[in-house]
Amino acid sequence: MCGRFTIILPPEVLAEIFGLPELPRIEARYNIAPTQEVVVIRQNAEGVRQLVTMKWGLIPAWAKDPHIGNKLINARCESVHEKPAFRQAIRTRRCIIPASGFYDWTHTDKKIPFYVSMADGSPMAFAGIWDSWKAPDGSRLESFTILTTNANSLIAPIHDRMPVILHPAEFDLWLDRDITEPEKLTHLYHPYPSDLLRAWPVSSLVNSPRNETPACIEQAVS
DNA sequence: CCAGACGTTGTT
DNA sequence: GTCTGG
DNA sequence: CCAGACGTTGTT
DNA sequence: GTCTGG
């Protein structure tokens, strides 16, 4: 699953791989937690990509209490097209969450955190969806959630779910607002290939969202 | 018809 | 908003 | 995801 | 134990 992640990418790399029209202003984050503000990429009706900041934890447009977003930090790919909280967003409001890696905790024996990133160190792209919630005072609150799928063979010993990670060749399809049919999207929901990822144990420092230093991703010595 | 839910995770 | 359950 | 709280009253 | 907050 995906309940914590990092983004440690130079603006040039981000703009290049995601085809952004401008260099984003972005700083390294080593321990992003739910409810926090995060940058995501979406595409407007003209096909221009933009980097926008949103809250992690999707608040459906119809929600009376925005706190529902605290629970909706992930959406299962198997049911995202049916669930009332997600099915409108998956048709018309898809986005990509750029990342460098994510954390997973084992629950066997002791709770051990692991860090997972691309084997070659390249950026990671989570498949996400977003929504816009109107507060009583009329202001708008945009929020997103990350899709999950079955774990691949690398992740399985740690956890049975992992985020849906997109290949660069799939970005266009995912962000295309004119594509709304589930059957054109479901083939993207495969576990990312194990041999393109790497994983190592890290310090329990990462457990607290208050810790946001490079030490969070350093390999732990047992 | 109206009321009430609307989600994921892990653990047993 | 929209569906399910009573 | 994990950490941390978990309550009410009245007063300024 | 369970919910809220980050």
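A, B, ... follow the sequence lines: proteins, then strands. Residue 1 opens every chain.
With rounding to whole Å, A/Ile112 atom CD1 is found 12 Å from D/dC2 atom P. Whole-Å rounding puts the A/Lys111 NZ to B/dT9 P distance at 17 Å. Rounded to whole Å, the distance from CZ on A/Arg161 to C1' on B/dT8 is 9 Å. The CD1-P distance, from A/Ile73 to B/dT8, rounds to 11 Å in whole Å. Look at CD on A/Glu212: it is 15 Å from C1' on D/dA3, rounded to the nearest Å. Taking atom CZ of residue A/Phe126 and atom P of nucleotide D/dC1, one finds them 14 Å apart after rounding to whole Å. Atom-to-atom, CZ of A/Phe5 to P of D/dC2 comes out at 16 Å; the value is rounded to the nearest Å. A/Leu205 has its CG atom 14 Å from the C1' atom of D/dA3, to the nearest Å.
Among the atoms of the strands shown, only primed sugar atoms or phosphate atoms (P, OP1, OP2) are found under 4.0 Å from some heavy atom of A/Asp160. Residue A/Leu58 is out of contact with every strand shown, counting any heavy-atom pair closer than 4.0 Å.
Between the A/Thr145 side chain and the A/Leu72 main chain, a donor and an acceptor come within less than 3.5 Å of each other. Using a distance-only test at 3.5 Å, with no hydrogens or angles considered, a donor-acceptor pair links the side chain of A/Thr149 to the main chain of A/Tyr189. For A/Thr180 (side chain) and A/Arg91 (main-chain N/O), no donor-acceptor pair under 3.5 Å exists by modelled atom type. Within the 3.5 Å criterion, the main-chain N or O of A/Arg140 finds no donor-acceptor partner in the side chain of A/Lys134. The closest donor-acceptor contact from the side chain of A/Trp133 to the backbone of A/Ser143 lies at 3.5 Å or more, if one exists at all.
A/Val38 has its side chain out of reach of A/Met54: every pair of non-hydrogen atoms, C-beta onward, lies at least 4.5 Å apart.
A salt bridge links A/Arg49 with A/Asp172: the distance from a Lys NZ or Arg NE/NH1/NH2 to an Asp or Glu carboxylate oxygen falls below 4.0 Å.
To the nearest whole angstrom, the two P atoms, one in D/dT8 and one in B/dC6, are 26 Å apart. The same atom, P, is picked in D/dT9 and in B/dC1; the two are 42 Å apart, to the nearest Å. As rounded to the nearest Å, E/dT2 and B/dT12 have P atoms that lie 14 Å from one another. Comparing the same atom, P, in B/dG7 and in D/dA5 gives a spacing of 31 Å after rounding to whole Å.
For the segment residues 25-44 of chain A, residues with any heavy atom less than 4.0 angstrom from an atom of DNA chain E are, sorted by number, A/Ala33, A/Pro34, A/Thr35, A/Gln36.
Taking the six-membered ring for Trp and thresholds of 30 and 60 degrees, A/Phe144 and A/Trp56 have nearly parallel ring planes, at less than 30 degrees apart.
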For residues 11-26 of chain A, tabulate all N or O donor-acceptor pairs below 3.5 Å that involve a side-chain atom, not counting sequence neighbours.
none

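Cluster partners of A/Trp105, by chain and number: A/Ile8, A/Tyr30, A/Tyr103, A/Tyr115, A/Trp200, A/Val202, A/Val206, A/Ile217. The rule joins Ile, Leu, Val, Met, Phe, Trp and Tyr whenever side-chain heavy atoms lie under 4.5 Å apart.
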Are any protein N/O atoms closer than 3.5 Å to N/O atoms in nucleotides 4-7 of chain B? If there are, list each pair with its distance.
residue: B/dG7; atom: OP1; partner: A/Pro84; partner atom: N; Å: 3.0
residue: B/dG7; atom: OP1; partner: A/Ala85; partner atom: N; Å: 3.4

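If you check D/dC1, D/dA3, B/dT9 against the side chain of A/Thr148, the one that comes closest is B/dT9.
Of the nucleotides present, C/dT4 is the one that pairs with B/dA3 by Watson-Crick or G-U wobble criteria, both distances under 3.5 Å.
You'll find the ring centres of A/His81 and A/Phe86 outside the 6.0 Å limit.
Along DNA chain E, read 5' to 3', the first and last nucleotides having any atom under 4.0 Å from a heavy atom of chain A are E/dG5 to E/dG6.
Evaluation of the side chain to side chain donor-acceptor pair (under 3.5 Å) rule for A/Arg94 yields no partner, not counting sequence neighbours.
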